[in-house]
Amino acid sequence: MTENTQQSPDRGPMDSAPELPTQYAPAEVEGPLYERWVERGYFEADAKSDKEPYTIVIPPPNVTGSLHLGHAFEHTLIDALTRRKRMQGFEVLWQPGMDHAGIATQNVVERELAKEGKSRHDLGREAFVERVWQWKAESGGQISGQMRRLGDGVAWSRERFTMDEGLSKAVQTIFKKLYDDELIYRAERIINWCPRCLTAISDIEVEYQDDDGELVSIRYGEGDASIVVATTRAETMLGDTAVAVHPEDERYKHLVGTEIELPLTGRRIPVVADEHVDPEFGTGAVKVTPAHDPNDFEIGRRHDLPSLTVLDEHGVITVHGPFLGLDRFEARSTIVGALRAEGRIVAEKRPYTHSVGHCSRCKTTLEPRQSMQWWVKVGPLAEAASKAVREGDVAIHPKEMESRYFGWVDNLHDWCISRQLWWGHRIPVWYGPNGEMVCVGPDDEAPTGEGWHQETDVLDTWFSSGLWPFSTLGWPEKTESVAKFYPNSVLVTGYDILFFWVVRMMMFGLYAMDGTPPFHTIALHGMVRDQFGKKMSKSFGNAVNPLDWMDKYGSDAVRFTLARGANPGVDVPIGEDWVQGSRNFANKLWNATRFAMMNGATVEGELPAADRLSATDRWILSRLNSVVAEVDAYYDDYQFAKLSDTLFHFAWDEVFDWYVELSKATFAKGGPEAEVSRRVLGEVLDVTLRLLHPVVPFVTETLWTTLTGRESVVIADWPATVLVPGADAPGGFRDAAAEQEIATVQQVVTEVRRFRSDQGLQPGQKVPARLDLTGTALAAHEDAMRSLLRLQPAGEGFSATASLPVAGATVALDLSGTIDVEAERKRLAKALAAAEKDKAQSTAKLGNEAFLAKAAEAAVEKIRKRLETAEADIERITAQLAALPGGNGTTA
RNA sequence: GGGCGCAUAGCUCAGCGGUAGAGCGCCGCUCUUACAAAGCGGAUGUCGGCGGUUCAAAUCCGUCUGUGCCCACCA
């Protein structure tokens, strides 16, 4: 043995592999790789190709702001799917692009303007929209920069934006078609109105929060003809046009049909009977304000009540009198004060917590408001969207999410699509001087002339993103891309926008594309959370910029961590420690490849024939084939966590810890056996790197190209089952006997290591020992085991025996040296107790007739094996105890 | 009010009828010529409580408790 112990970590044998430094430095490696991939056009998709298409559209990020960890997560999943399919030989299109995000973007730009002390009205519509386009140019560049850092393999030449000319044409086309089919209409309804954004918003854009309000009870009318109503919004009483009670309510029957006095107004309003009223709630009487409450609006309709608007678009009182011009909240207290002065407040106001709608964009308390808006009649569209999933044309993954989908799509209300904004697709309807209304299609001339003007409202942003799966491909033109890449293969998105986005795409896709759904599978992922499972948010201070972690640990580390956490449909916690762990894994890959290359691992030439392979080689190739099959199955089931974990453990534990260690002795010895192992190691590494590439593209590209000398792993073939010449089996090469044999080697080695550790022997210390493997299958592994265990030939003195039953023979391992007898006795006693317990349990189990009758054969076999092992263990341990100095074979 | 989900090792989660798993963390010992971002060894759980089905339950059923999310309503 050499005494070369003064090896500096910086120099030494690794000099023989100068291509790879001793540590993986992602920052130096990742940058140039991505640009090379793009330049070579690997990510572009050819509509003329005769390969089978595989299409995924990016859930378009809002042009505002930058990508967060949630995007990094989603992109990792899509990138992994598409990279694998590309390697499998599909014509892959990962469609990139961004969303104009109407109200969100308009608000951001308005805030920018506010810093300059200006409002959008100072600029005017045209200049304002111009300004938003400028903003988009800056912000959009930032997002694509982040996508490049992440390694997203998107077809950049096809990048689209929902406000592009082409996509705007798609919007106009479908609007016109819906209009002509009478699925779009204009009507006056109660809508959710944001008094700050000054626009209608749809039901799903409302965020409900519990707010503390006050419930006040007000007496309407006088004497016998009086009724007490309760309200949290006293200011709306100015617009009351009735009081409603339940038809069966005895307390108020005599008043139904009469009129009572509405305080402060001098008006008289009718008392009506309506089923909607809950006689149990409050006083059982409800004030009715049709113009400012959705339920009241319905009551008003049923009883033909007038609608009196008392608040304007800013939420300011519009009725003449003492309250004119008051803000809605001021008006509330002022009016309560006035009512109290008149003795109308019958009970003290009391605190009342109720949920109130807020604008999801600016958090302002919403005001229900009656106004003229544009609507999509969703009935037939939603029915088709529901049917497509119900009949299996579209699969939702994980399946549990289907109930959410149905819950929504089967109860959809008509969709309010008009927004009183400036940023967005302007509704293509022109109004004429005599009340004419013309919907203008993309190929029509807009009416001109005196008195004609276009609708000023724009469309809800989800209107255009609902067309994304085909508008990005050039629809309504009959392009080759539409023919090739529609329908999309899979939609990968978060469960949080199942309703906002997925349902819209389903409805529009089915409608526009003659009943062909936009995708066959919807794979839903969860939300990224922090390491304690808490939601990430800027205000809570636990939000992470993915770029920070990518700078520190590399993109691969961030991607691998996210993929390892990706169980279908459930939220993904992520912490910096975990990213570090993934970085360590990348480094491990790096160093294992270095080792392989230092030892001449190669991918050239056929694999050696089966009869030339050692059991170790056969074991790892057999395991490799299992892993290939497992990973494929997991990919097909969108089980990213499982496939990542499988690869992590296979690579680290089996290949790097065991195969490499067991092969070191072979490599050291050289000769034809080493030659065989070099080829096997090359094969195993090659396949493992290819399997890992979709998830950790950068480090695998660097290592794979170095190892193989080939162009790029991006365009390499996805691993198929490895075939060993001379041992072709239908399902690929498998060797259960070799797997069993190596498992035994592992057991022996681990046992001896534990013994050494328990004895306080230094790992590096050579121990004089005799390893007697004569007549067993393990004889072939003697060199490897000796080297692993640092065993020297036996010397004099005490000897302890470790033995395991292998293939009908017994391995005797004598360790000589100074032994801590007490420690060993204790350890063996513990092991003996465990084995005896195992034996007892297994015996009981096998004596159980019911178990034998009903259990699966494999289960019974497992128990039998366990019993056998336990019995052998007992025999062995008893012998070891007996061999201890002063021992008599029995335990205390 | 309705619906869905979750409670497993210190933390975050897999497992979902046959004798408890991972990552990180923790405790030892080691710079053993790929890697200390490493190696080796070790400890840690009445699988939320209670009942039931079964030869057998973390796993199925019921129930309670805690917790999260979605939807609806809230005068």
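Proteins get letters first, then strands, A, B, ... in listed order; numbering begins at 1 in each.
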Classify the nucleic acid contact of [X] as base, sugar-phosphate or nothing, counting any heavy atom under 4.0 Å across all strands shown.
| X | answer |
| --- | --- |
| A/Q23 | base |
| A/V277 | base |
| A/Y24 | base |

Sidechain-backbone polar pair: [X] side chain, [Y] backbone, donor-acceptor under 3.5 Å:
| X | Y | result |
| --- | --- | --- |
| A/D293 | A/T289 | no |
| A/D530 | A/F532 | yes |
| A/N587 | A/R583 | no |
| A/S842 | A/D838 | yes |
| A/R219 | A/S226 | no |

Under a 3.5 Å cut-off on both pairing distances, which runs of 3 or more consecutive Watson-Crick or G-U pairs involve RNA chain B?
B:1-7 with B:65-71, B:10-13 with B:21-24, B:26-30 with B:38-42, B:48-52 with B:60-64
So, A/H303 and A/D274: side-chain donor and acceptor under 3.5 Å apart, yes or no?
yes
Give a yes-or-no answer on whether the side chains of A/Y638 and A/N567 include a donor-acceptor pair shorter than 3.5 Å.
no
Pick the [atom1] atom in [N] and in [M], then give their distance to the nearest Å.
| N | M | atom1 | value |
| --- | --- | --- | --- |
| B/C26 | B/C11 | P | 15 Å |
| B/C13 | B/A36 | C1' | 28 Å |
| B/U44 | B/G25 | C1' | 12 Å |

Which comes earlier along RNA chain B counting from the 5' end, the contact point of A/A592 or that of A/K287, where each point is its nearest nucleotide?
A/A592
In terms of the nearest nucleotide of RNA chain B, which residue is placed more toward the 5' end: A/T232 or A/F499?
A/F499
When the ring centroid of A/F73 is compared with that of A/H525, is the distance short of 6.0 Å?
yes
Nearest listed nucleotide, side chain of [X], among [options]:
| X | options | answer |
| --- | --- | --- |
| A/H649 | B/C35, B/C40, B/G23 | B/G23 |
| A/D577 | B/A38, B/C24, B/G41 | B/C24 |
| A/N587 | B/C40, B/A34, B/C35 | B/C35 |

Within the pair [X] and [N], is there a side-chain N or O less than 4.0 Å away from OP1 or OP2?
| X | N | value |
| --- | --- | --- |
| A/R754 | B/G42 | yes |
| A/N411 | B/C71 | no |
| A/W590 | B/A38 | no |

May I have the distance from [X] (atom [atom1]) to [N] (atom [atom2]), rounded to whole angstrom?
| X | N | atom1 | atom2 | answer |
| --- | --- | --- | --- | --- |
| A/M597 | B/C35 | CE | P | 16 Å |
| A/F656 | B/A34 | CZ | P | 14 Å |
| A/F755 | B/G42 | CZ | P | 14 Å |

Contact string for nucleotides 13-19 of chain B, one letter per nucleotide 5' to 3', B = base within protein heavy-atom range under 4.0 Å, S = sugar-phosphate only, - = neither, reads SSS--BB
A/I574: which of A/R529, A/Q531, A/M536 passes side chain to side chain contact (heavy atoms under 4.5 Å, CB included)
A/M536
Is there a side chain to side chain donor-acceptor pair (under 3.5 Å) between A/S582 and A/T561 once you walk through the steps?
CA-CA 6 Å; A/S582 300; A/T561 309; 2.6 Å; yes
